[in-house]
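Please read the structure below before turning to the comments.
All values derive from a computational prediction rather than experimental measurement. The chains referred to below are lettered A, B, ... by the order of the sequence lines, with proteins before strands, and numbering in each begins at 1.
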Amino acid sequence: MLDIQFIREQSSRVKDAIRNKHAGEEDLVDQVLEADEANRSLTTRMQETQSAANQAARDIGRLMKEGLKDEANSAIEESGRLKATVKELEESQRVAQNALDELLLEIPNVPHESVPIGHSPDENVVAFEFGDLPTFSFPILPHWELTEKLGLVDFDRGSKVAGAGFPFYVGWGARLQRALINYFLDAAGTAGYTEIQAPLVVNADSARGTGQLPDKEDLMYEAVRDGLYLIPTAEIPVTNLHRDEIFSADDLPIRYSAYTPCFRREAGSYGKDVRGLNRLHQFDKVELVHFVTPKNSYDALEELRTHVENLLQELKLPYRRLLMCTGDMGFTQSKKYDLEVWSAGQERWLEVSSISNFEAFQARRMKIRYRPEDGSKAQILHTINGSGLALPRIVAALLENNQQADGSISVPDVLIPYLGADSIS
RNA sequence: GGAGGGGUGGCAGAGUCUGGUUGAAUGCACUGGUCUUGAAAACCAGCAUACCUUCACGGGUAUCGUGGGUUCGAAUCCCACCCCCUCCGCCA
């Protein structure tokens, strides 16, 4: 959610954002301004009437004490009339407020000035590439054949027991998951992140806070009877951890890492995109979240990005960094990087991390604030998050890129102590 | 799941029975000042959040877990819901 005051003062920038993000009609901004105007004039009228009613009620108390019965009675009558008006005005003000709030939820975040303007994924900027693409002297296999040959992942029984997209990891496959999770958490710990274990379900308020509701409702599994959603990312519980809180400047930055399974309905995807480990309904991810002061948020974004890129470099996976253009970056972000690893068996790039600065957009919804100085007014802080990392596609790339002529998989040095083996066969 | 108790400002804690200048006593913490070589102590003052209005000074509204209700007037009375605590039961 944007600051209404910002929209009032910089409506043309907000219109630019809507146009460049393809996030609806620019006309929305004018609707917001009108709704805001209407809401404020109603609020003023309502408060003036309330003020008069309060004054009348106070007079009654005083007149009663002084024993001026007649005056008290006429004041009671007057107060009754005012009360009826207040009730009407309250109702219309509430309607106006709701109308404004709903419109505000449709206004996207404004992209940072460094974000390229573009329409489609083609206009994302490849900002960095690491590593040489591997070459092989023998025919190579995609990971879904490797996992089957080596008995690492059982997709079919997963389908039987839960459904497509809910695989079993078996033996070394399961151990590889655990090794990666531990490696990622340890690396985050060394980098100063506080490790979190979070609830795997959240309520509607939390989903609204990070922006999954109302527009991305179809993404989430819902426990209807209990009003709970299975988390599609640890971002939701971890960011909402500090909903409605006020920090002092000394408390910041706060940096959390959290491993959780993630659940995504992913309605509407098909074909090679969902083959094997490429896209699952349940997958494991370590998420990194920063709470920072506004002036530090872009430095923090780069810091988080560097940390995640180091993980990929340690894993010796060729990857590229995309700076997402306005048209492909999503509703809530101000700036977003995607990291993609090379998948040799599929000869394509797979997204394994998405790293974003939300500026105040999420924090405003959640009322997460800080005081720049003791006694000063509380301000909305900035939130940043990124995957560090999502497992399935990392596993796919590790298997495909490190396959050997004899059918085994070599394990990158950094994982050997975690896995307890230097090769999987 | 059964029975009982409770949710008040950064924290602690009055006020609720007996509705009326109570946005809320008091203490602690915090900020500024006096004093002091400096500090402590003492003393004085300030110290919730959001919104509306005003060029500004200021004025106003709402908020005592949440939402409704009664009343001229609700932290205080009534209803529903949420959360916490104690005891019993069940259980990894």
Side-chain angles (χ1 to χ4, degrees), chain A residues 1-9 32-105 197 199-209 223-229 237 240-252 254 261 291 360 362-381:
Chain A
M1 193 163 62
L2 288 178
D3 184 10
I4 182 66
Q5 203 158 338
F6 175 82
I7 300 176
R8 276 181 217 146
E9 287 164 8
V32 165
L33 293 176
E34 268 176 49
D36 175 48
E37 196 56 51
N39 180 46
R40 279 191 294 162
S41 84
L42 267 170
T43 302
T44 304
R45 270 175 60 201
M46 175 187 76
Q47 292 186 349
E48 281 169 354
T49 316
Q50 280 172 331
S51 179
N54 286 344
Q55 188 52 52
R58 271 194 290 269
D59 288 345
I60 292 163
R62 187 173 45 78
L63 293 169
M64 299 277 235
K65 261 184 199 160
E66 292 170 7
L68 301 171
K69 241 193 163 160
D70 292 346
E71 285 86 340
N73 282 334
S74 78
I76 286 175
E77 237 172 80
E78 169 69 5
S79 178
R81 267 198 303 279
L82 286 167
K83 187 203 167 190
T85 315
V86 165
K87 203 150 197 184
E88 278 169 33
L89 286 170
E90 273 176 348
E91 185 50 36
S92 11
Q93 193 273 333
R94 192 199 317 230
V95 169
Q97 183 74 55
N98 287 344
L100 175 62
D101 289 345
E102 259 169 56
L103 284 168
L104 278 175
L105 286 179
Q197 288 220 2
L200 304 184
V201 295
V202 292
N203 57 30
D205 281 344
S206 298
R208 206 170 294 118
V224 179
R225 278 181 68 180
D226 302 294
L228 296 170
Y229 297 86
N240 276 280
L241 181 63
H242 292 305
R243 176 147 47 94
D244 295 319
E245 294 183 23
I246 301 176
F247 295 99
S248 74
D250 300 343
D251 298 328
L252 304 177
I254 294 171
F291 298 83
Q362 290 185 327
R364 185 170 295 109
R365 282 195 196 185
M366 285 180 276
K367 294 197 175 66
I368 309 177
R369 291 169 291 180
Y370 80 105
R371 274 182 226 288
E373 289 161 48
D374 277 348
S376 68
K377 198 171 150 64
Q379 289 183 18
I380 306 288
L381 52 70

Worksheet item: Looking across every strand, which nucleic acid part, if any, lies under 4.0 Å from A:Arg81 by heavy atom: base, sugar-phosphate, or nothing?
Response: nothing
Counting just side-chain N and O atoms, does [X] come under 4.0 Å of either OP1 or OP2 of [N]?
| X | N | value |
| --- | --- | --- |
| A:Asn54 | B:A62 | yes |
| A:Arg371 | B:U49 | yes |
| A:Ser51 | B:U61 | yes |
| A:Arg58 | B:G20 | no |

Say we look at [N] and [M]: how far apart would their [atom1] atoms be, to the nearest angstrom?
| N | M | atom1 | result |
| --- | --- | --- | --- |
| B:A41 | B:C35 | C1' | 11 Å |
| B:G65 | B:U16 | P | 15 Å |
| B:U21 | B:U76 | P | 13 Å |
| B:G15 | B:A75 | C1' | 8 Å |
| B:A29 | B:G6 | C1' | 25 Å |

Worksheet item: More than 12 heavy atoms of other residues, nucleotides or ligands under 6.0 Å from CZ of A:Arg94: is that the case?
Response: no
Discussion item. Salt bridge check, A:Glu78 against A:Arg81: does any charged N sit closer than 4.0 Å to a carboxylate O?
Written reply: yes
Go through [options] for me and flag the one nearest to the [X] side chain.
| X | options | result |
| --- | --- | --- |
| A:Ala57 | B:C52, B:C72, B:G68 | B:C72 |
| A:Arg369 | B:U49, B:C72, B:C52 | B:U49 |
| A:Ile60 | B:C52, B:A62, B:C72 | B:C72 |

Discussion item. Looking at every heavy atom in both A:Leu381 and A:Tyr370, which two are closest together, and how far apart are they?
Written reply: CB-CD2, 3.9 Å
